[in-house]
Amino acid sequence: MSAADVGSMRGQVEVLRAQIDSMQHVLLERTRSLVDLQERIARATASARSSDGSVEIVVDASGAVVGVDLSGSSYAKHSPAALGNLILATAASAAEDIRRQVAEMTKPLTEAAGIDLPDLVPGVLGLREILEPRVDGHRKLPAGGHLWRILWPWFLPRTAR
């Protein structure tokens with residue numbers, strides 16, 4: 001091997017090192033962004049109040065009810081069955097609001113991704129289905145909120161995907 005060949009290989013190694021360093025930097029930045037997103041989503045809540053003001057429901061990021069406030073007159077205004085239905089409808093409204101909030105928070109991520117997993121591996125769930133899944137025609141959030149495990153591939157540099 002000539003000195004010119006060795007010099008050429010050293011140059012190629014340096015170029016590869018610079019690319020790897022850049023990829024690591026991008027991955028670190030994106031990981032930090034994802035952690036921040038996870039924390040914001042974990043803290044997110046939404047509330048809804050019934051049209052007559054007798055019921056207020058608070059839900060967490062997964063859409064689970066974490067608070068119920070019934071006005072003192074709610075029992076007098078509604079039969080038990082009607083009050084139950086009002087609670088359910090108000091909870092559904094709060095859950096829809098949190099879904100909109102989470103979709104808005106994740107919008108930069110989904111738009112930046114530009115490509116979804118089913119585009120690469122047919123038949124698997126993609127980011128669109130995870131962030132806007134449907135059950136019986138209604139949108140549902142994934143249980144558990146383990147966004148890191150779900151979203152980490154979208155934080156890899158495009159050349160590593």
Side-chain angles (χ1 to χ4, degrees), residues 1-50 55-69 87-161:
M1 186 174 285
S2 70
D5 291 338
V6 170
S8 175
M9 287 196 317
R10 282 187 182 146
Q12 290 173 353
V13 167
E14 289 307 313
V15 167
L16 289 173
R17 278 192 184 139
Q19 287 175 342
I20 290 170
D21 288 345
S22 174
M23 289 170 61
Q24 285 177 327
H25 177 72
V26 168
L27 180 59
L28 183 59
E29 275 184 27
R30 290 179 180 181
T31 300
R32 286 181 183 147
S33 295
L34 182 57
V35 168
D36 177 59
L37 176 62
Q38 267 188 304
E39 289 171 356
R40 285 187 296 129
I41 290 173
R43 289 188 310 266
T45 61
S47 61
R49 184 172 291 279
S50 62
V55 174
E56 183 177 14
I57 303 290
V58 179
V59 296
D60 67 11
S62 71
V65 174
V66 295
V68 177
D69 184 29
I87 290 170
L88 290 175
T90 307
S93 179
E96 184 60 33
D97 184 35
I98 197 67
R99 282 187 208 96
R100 276 192 298 274
Q101 287 182 41
V102 170
E104 195 62 34
M105 283 187 246
T106 59
K107 192 174 190 176
L109 174 68
T110 57
E111 288 176 350
I115 190 168
D116 207 354
L117 195 54
D119 299 332
L120 303 172
V121 183
V124 300
L125 276 180
L127 191 57
R128 289 179 286 272
E129 289 82 12
I130 291 168
L131 293 177
E132 296 185 14
R134 296 185 177 272
V135 175
D136 298 329
H138 302 289
R139 285 200 213 161
K140 301 291 180 189
L141 286 174
H146 301 290
L147 277 176
W148 173 247
R149 282 187 237 147
I150 295 169
L151 300 178
W152 74 266
W154 284 269
F155 278 78
L156 295 175
R158 291 202 180 274
T159 55
R161 284 192 217 156

Nearest 0.5 angstrom please: [X] [atom1] to [Y] [atom2], how far?
| X | Y | atom1 | atom2 | result |
| --- | --- | --- | --- | --- |
| Leu16 | Met23 | CG | CE | 10.5 Å |
| Asp21 | Glu14 | CG | CD | 9.5 Å |
| Ser62 | Arg99 | OG | CZ | 9.5 Å |
| Gln24 | Arg17 | CD | CZ | 12.0 Å |
| Arg32 | Leu28 | CZ | CG | 3.5 Å |
| Asp60 | Ile41 | CG | CD1 | 12.0 Å |

Distance-only, no hydrogens or angles: does the Ser50 side chain make a donor-acceptor pair with backbone N or O of Thr90 under 3.5 Å?
no
Say whether, by atom type as modelled, one donor and one acceptor occur between the side chain of Ser33 and the main chain of Glu29 under 3.5 angstrom.
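Yes.
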Walk me through it: do Arg100 and Glu96 pass the test salt bridge (charged side-chain N to carboxylate O under 4.0 Å, His left out)?
CA-CA 6 Å; Arg100 276 192 298 274; Glu96 184 60 33; 3.7 Å; yes
Heavy-atom pair of closest approach, residues Ala94 and Ile57:
CB-O, 4.0 Å
Could I get the full list of side chain to side chain donor-acceptor pair (under 3.5 Å) partners for Asp97, not counting sequence neighbours?
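Side chain to side chain donor-acceptor pair (under 3.5 Å) list for Asp97, sorted by chain: Gln101.
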List in chain and number order the residues that pass side chain to side chain donor-acceptor pair (under 3.5 Å) with Arg40, two or more places apart in sequence or in another chain; answer none if no residue qualifies.
Asp36
